[in-house]
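Scroll down for the structure; my scribbles are underneath it.
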Amino acid sequence: MTCNGTFAKGWVRDWLSPAIMAGMNASVPVLTIDGPSGSGKGTVSRLVAARLGWHYLDSGALYRAVGIAAGWSDIDLSDASALVRCAFDTDIAFRDDGSGELRVIVNGTDATDELRTETAGAAASAIAAIPEVRAALKERQRAFRKPPGLVADGRDMGTVIFPDAPYKVFLTASAEERAERRYKQLKEKGVSVTMDSLLREILARDARDASRAVAPLRPASDAVLIDTTGLPVEAVVARVLDLVSRPTA
Ligand code: DC
């Protein structure tokens with residue numbers, strides 16, 4: 001059984017066509033926005049993409065989707081080869097629900113809410129440390145590069161997936177502020193957590209993402225660093241848009 005609930009092997013087709021498309025789209029501008037969880041990159045990336053009228057790639061959602069699809073198929077997070085298969089054959093689609101929020105459809109099921117849970121985040125972080133899973137998702141991510149442009153949000157957008165991107169940003173914020181932002185989000189959703197446990201989780205996730213052997217979280221050498229601690233979202237958006245409006249070398 002594959003991760004999309006079928007016995008078919010559509011992954012060769014799914015893998016090849018994005019690879020061909022990605023080659024054709026090398027001239028399409030890309031803005032990469034990398035950073036740790038809670039740095040504000042999701043919110044900033046979505047707003048910047050909307051203002052520019054560019055496409056948006058939430059690469060973390062791909063890792064989360066593979067993680068939950070694996071869970072649905074009772075695949076153990078230590079079973080690397082089954083997880084790689086999942087990375088190839090999980091159907092992942094993004095749909096605009098009209099309110100500006102992107103719904104994520106995993107194997108035909110709207111999994112948007114499940115994707116945002118801490119469990120999905122922890123599974124994504126664990127499978128993201130497997131080099132073959134990252135390789136399997138590479139061309140799928142590059143296929144998002146379509147005219148008129150792409151805003152790509154993640155951890156290795158500027159270093160590995162789109163190293164030739166003309167615009168690169170790396171967002172940071174203090175761990176305390178990131179935990180506080182997450183706390184507010186979860187509280188709004190009625191989820192009860194403590195600041196202490198969130199801070200511990202954030203620090204553990206940072207350490208795992210930054211210390212893994214493959215594509216560790218780090219800024220590209222040509223990325224512009226923006227510390228968002230204490231900055232309102234609009235101020236960060238303005239700085240990023242300013243960067244894109246400047247002529248490139
Ligand atoms: O951005 P996020 O919280 O949705 O990401 C979930 C996990 O996926 C995170 O722990 C790191 C991993 N990830 C990654 O390794 N590379 C990416 N480009 C995006 C996410």
Side-chain angles (χ1 to χ4, degrees), residues 30-46 49 56-71 77 80 83-84 86-87 90 92 94 101-104 106 111-145 150-163 165 168-173 175 178-179 181-183 185-186 189 191 193 198-220 223 228:
V30 179
L31 162 66
T32 61
I33 304 189
D34 289 307
S37 29
S39 58
K41 65 192 164 62
T43 311
V44 169
S45 302
R46 273 190 294 276
Y56 168 58
L57 164 63
D58 175 359
S59 61
L62 299 182
Y63 287 94
R64 287 171 184 263
V66 172
I68 63 166
L77 288 179
L83 291 169
V84 173
C86 257
T90 302
I92 309 165
F94 294 89
E101 209 204 322
L102 274 187
R103 309 297 301 176
V104 190
V106 182
T112 316
D113 296 332
E114 190 174 345
L115 282 184
R116 289 293 130 213
T117 61
E118 296 302 310
T119 312
S125 177
I127 66 162
I130 304 170
E132 293 84 357
V133 168
R134 303 198 74 84
L137 291 179
K138 206 182 223 178
E139 297 309 330
R140 289 180 85 156
Q141 294 174 85
R142 289 185 175 157
F144 281 77
R145 187 174 196 167
L150 173 69
V151 177
D153 149 4
R155 304 290 195 291
D156 61 344
M157 299 295 101
T159 49
V160 177
I161 307 297
F162 303 107
K168 296 183 186 177
V169 170
F170 192 88
L171 297 184
T172 57
R178 290 187 284 129
R181 288 174 186 167
R182 188 77 188 125
Y183 180 75
Q185 274 175 357
L186 291 173
K189 285 189 196 156
V191 181
V193 278
L198 276 178
L199 186 57
R200 266 200 309 277
E201 262 169 42
I202 280 190
L203 291 172
R205 175 106 53 100
D206 281 1
R208 200 163 47 226
D209 292 344
S211 66
R212 66 177 175 229
V214 59
L217 174 65
R218 63 172 174 82
T228 69

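Note that the numbering runs from 1 along the sequence shown for the chain. Each ligand, and each atom within it, is numbered from 1 in the order the structure gives.
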Ligand-side contact atoms (ligand 1) for residue partner M157, heavy atom cut-off under 4.0 Å: 18 (N)
Under 3.5 Å donor-acceptor, K168 side chain and P163 backbone: yes
Quick test of your reading of the model: are D153 and K41 salt-bridged, counting only N-O distances below 4.0 Å? yes
Is R208 in contact with ligand 1, taking contact as a heavy-atom separation below 4.0 Å? no
Side-chain donor-acceptor pair under 3.5 Å between S125 and R208, yes or no? yes
When only distance counts, is S37 in polar contact with ligand 1, meaning an N/O pair under 3.5 Å? no
At less than 4.0 angstrom from any non-hydrogen atom of A124, what atoms of ligand 1 do you find? 6 (C), 7 (C), 8 (O)
With a heavy-atom distance limit of 4.0 Å, tell me whether A128 approaches ligand 1 through its side chain, its backbone, both, or neither. side chain
Polar contact flag for D209 and ligand 1 (N/O pairs, less than 3.5 Å): yes
Can you list the atoms of ligand 1 that are under 4.0 Å from a heavy atom of K41? 1 (O)
Considering only the protein, which heavy-atom contact is closest to atom 1 (O) of ligand 1, and what is its distance? R155 NH1, 2.8 Å
Test side chain to side chain contact (heavy atoms under 4.5 Å, CB included) on V151 and T32 and set out the steps. CA-CA 6 Å; V151 177; T32 61; over 6 Å; no
As an exercise, identify every atom of ligand 1 less than 4.0 angstrom from a heavy atom of R205. 3 (O), 10 (O)
Thinking salt bridges, do D206 and R178 make one under a 4.0 Å N-O criterion? yes
How far is atom 3 (O) of ligand 1 from its nearest protein heavy atom, and which residue and atom name does that atom have? R64 NH2, 2.8 Å
In this structure, atom 16 (N) of ligand 1 is nearest to the protein heavy atom R134 NH2, 3.0 Å
Does D156 pair with R134 as a salt bridge, N-O distance under 4.0 Å? yes
Test your reading of the model: is there a side-chain donor-acceptor pair from T117 to the backbone of E114, 3.5 Å cut-off? yes
Measure the shortest side-chain to side-chain distance between L198 and L186 over non-hydrogen atoms and say whether it is less than 4.5 angstrom. yes
Could you walk me through whether T228 and R181 pass the side chain to side chain donor-acceptor pair (under 3.5 Å) test, one step at a time? CA-CA 12 Å; T228 69; R181 288 174 186 167; 3.1 Å; yes
Evaluate Y63 for polar contact with ligand 1, using N/O atom pairs at a separation under 3.5 Å. no
Which heavy atom of the protein is the closest neighbour of atom 19 (C) of ligand 1, given with residue, atom name and distance? S59 OG, 3.4 Å
Taking 4.0 angstrom as the limit, do R116 and D113 come out as a salt bridge? no
Atom 20 (C) of ligand 1 has as its nearest protein heavy atom G60 CA, 3.6 Å
If we set the cut-off at 4.0 Å for heavy atoms, which region of R212 has an atom near ligand 1: side chain, backbone, both, or neither? side chain
